[in-house]
Amino acid sequence: MGRDQEQRPRVLLLGVIEHAHSAWASVSEIAEVVTPASTNRAEFLSEAASGAFEGCVAAYRTFDSFSVTGKIDVELLAALPSSLRFICHNGAGYDQVDVSACTARGVRVSNTPTAVDDATADMAIFLLLGALRNLAVGMASLRAGKWRGTGEGGAAGPALGHDPQGKVLGILGMGGIGRNMARKAQAFGMKIRYHNRTRLDQDVEEALGAEYVSFDRLLGESDVLSLNLPLNPHTRHIISRREFAKMKPGIVIVNTARGAVMDEVALVEALDSGQVSSAGLDVYEQEPFVHPGLLANPRAMLVPHMGTWTVETETKMEEWAISNVRMAIESGRLRSIVPEQKDMRGE
Ligand SMILES: O=CC(=O)O
């Protein structure tokens with residue numbers, strides 16, 4: 001190893017760069033990239049203990065790297081070298097990272113907001129239309145060689161669907177994805193209501209044509225409820241039995257956020273009882289496990305977490321996360337530090 005190379009900062013690569021190869025090449029020009037050999041958490045912890053990651057300043061991580069490292073929590077952080085100051089997550093949702101534990105160790109965390117907004121909101125609209133129209137039922141019948149199949153009571157085909165026009169879309173969580181979805185749903189003539197931790201400015205509300213309502217009003221007045229909020233200890237199971245009971249009978253549920261914002265067992269019960277007429281889901285509590293009650297219910301339209309699964313969006317996300325790594329190395333700052341750490345001082 002030459003003298004120059006020895007002095008370069010080290011970067012830990014947790015996961016694979018699939019698309020943004022030239023952006024990553026620009027990182028490898030200024031840093032030595034360290035790739036773990038481990039394939040599971042136990043191996044990763046002992047690899048870390050062996051000193052293999054010594055000197056790493058920043059880590060780039062993907063959603064799928066969870067299968068190797070598990071959650072970035074107190075135990076994992078304790079195993080990583082004290083040189084590690086930045087964790088750059090590729091994704092909008094960073095529930096795989098215990099941000100409080102990172103803050104306590106002075107490790108700053110970034111995510112990729114806005115890069116995911118269009119693709120995730122597009123998926124939410126697809127699921128909204130599909131669930132409103134009972135498309136999953138018809139599609140399953142066709143594949144089973146039964147054309148539209150036989151509906152309840154021997155009726156021909158699935159139950160008739162519903163048009164979005166004039167229906168109330170309740171959006172829980174009005175960040176970038178929620179706002180993007182509101183704009184798109186307006187084009188389908190939906191009435192938008194929302195609930196969020198913080199109310200939007202009046203001019204933003206007006207531009208979106210979105211009315212702010214209490215959580216209970218959102219539950220009671222929505223024809224379709226879309227979950228667009230991050231998963232954290234405050235939002236885990238924010239939708240459970242009590243909340244389903246407050247909803248309009250026959251409501252449609254759309255979830256493109258994280259499975260665990262909703263109690264999946266309660267959702268299965270609500271679908272079985274008809275309280276929820278149909279659901280469009282891209283996310284599940286224990287991915288890749290899907291609750292058998294959802295698999296068995298043809299009124300659940302199920303997608304295997306593909307909200308950002310497009311060439312353009314996956315590329316944008318990688319480029320965004322890589323730009324955080326670059327900034328961390330070059331200036332000791334992050335482009336998009338997570339909101340919980342907004343007040344953390346830079347170096
Ligand atoms: O699930 C996708 C993301 O968090 O970006």
Side-chain angles (χ1 to χ4, degrees), residues 14-20 23 59-73 87-99 102 109-128 171-181 184 196-197 226-236 238-239 253-262 264 279-290 301-325 334-341:
L14 302 176
V16 180
I17 306 289
E18 306 264 12
H19 307 281
Y60 170 100
R61 80 176 295 279
T62 65
F63 187 86
D64 290 342
S65 70
F66 185 82
S67 66
V68 174
T69 65
K71 190 162 179 163
I72 309 280
D73 56 9
I87 293 182
C88 304
H89 171 67
N90 175 10
Y94 46 92
D95 46 289
Q96 296 171 334
V97 181
D98 180 341
V99 175
C102 290
V109 181
S110 62
N111 67 337
T112 62
T114 74
V116 305
D117 292 354
D118 263 316
T120 312
D122 289 353
M123 177 62 82
I125 293 286
F126 167 81
L127 291 169
L128 178 154
I171 297 182
L172 183 58
M174 203 53 141
I177 300 169
R179 291 199 292 265
N180 192 305
M181 181 179 189
K184 287 169 177 160
N196 197 44
R197 214 175 16 168
S226 174
L227 306 179
N228 297 100
L229 71 177
L231 173 63
N232 58 45
H234 306 291
T235 62
R236 179 172 294 276
I238 195 166
I239 301 295
I253 304 283
V254 173
N255 189 6
T256 54
R258 284 291 181 267
V261 297
M262 187 156 50
E264 222 163 59
L281 307 176
D282 186 40
V283 287
Y284 307 88
E285 273 206 71
Q286 308 283 339
E287 293 176 18
F289 171 79
V290 181
M301 181 154 179
L302 308 176
V303 173
H305 202 151
M306 294 175 75
T308 60
W309 200 256
T310 70
V311 172
E312 295 81 1
T313 294
E314 292 285 319
T315 306
K316 258 192 292 181
M317 290 166 70
E318 285 188 357
E319 283 170 349
W320 187 301
I322 293 169
S323 73
N324 271 303
V325 175
L334 289 170
R335 175 179 176 193
S336 50
I337 195 161
V338 296
E340 295 91 322
Q341 293 187 331

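Scope of the values below: all heavy atoms of this structure, side chains included, with no hydrogens, waters or symmetry mates. All ligand and atom numbering here is 1-based and tracks the order in the structure.
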Inset, instruction - Kindly confirm or rule out an N or O of G91 lying under 3.5 angstrom from an N or O of ligand 1. - result: no

Legend entry - Within reach of ligand 1, part of M306 (heavy-atom separation under 4.0 Å): neither

Inset, instruction - Show which atoms of ligand 1 fall inside a sub-4.0 Å distance from at least one heavy-atom site of M317. - result: 5 (O)

Inset, instruction - Please report the shortest heavy-atom distance between K71 and V97, naming the atom on each side. - result: CE-C, 4.3 Å

Legend entry - Closest approach of any protein heavy atom to atom 5 (O) of ligand 1, naming residue and atom: A92 N, 2.8 Å

Inset, instruction - State, without any angle test, whether D64 and T62 hold a side-chain donor-acceptor pair at a distance under 3.5 Å. - result: no

Legend entry - Atoms of ligand 1 close to V116 [distance to a heavy atom under 4.0 angstrom, numbered from 1]: 5 (O)

Legend entry - Which atom of A92 lies closest to which atom of N111, heavy atoms considered: O-ND2, 2.9 Å

Legend entry - Heavy-atom closest contact (C88 atom, S110 atom, distance): CA-OG, 3.3 Å

Legend entry - Numbered atoms of ligand 1 (with element) below 4.0 Å of H305, judged on heavy atoms: 1 (O), 2 (C)

Inset, instruction - Enumerate the atoms of ligand 1 whose separation from the nearest heavy atom of R258 is less than 4.0 angstrom. - result: 1 (O), 2 (C), 3 (C), 4 (O)

Legend entry - Donor on one side chain, acceptor on other, E287 and H305, under 3.5 Å: yes

Inset, instruction - For residues A59 and L14, report the shortest heavy-atom separation together with the two atoms involved. - result: CB-CD1, 4.3 Å

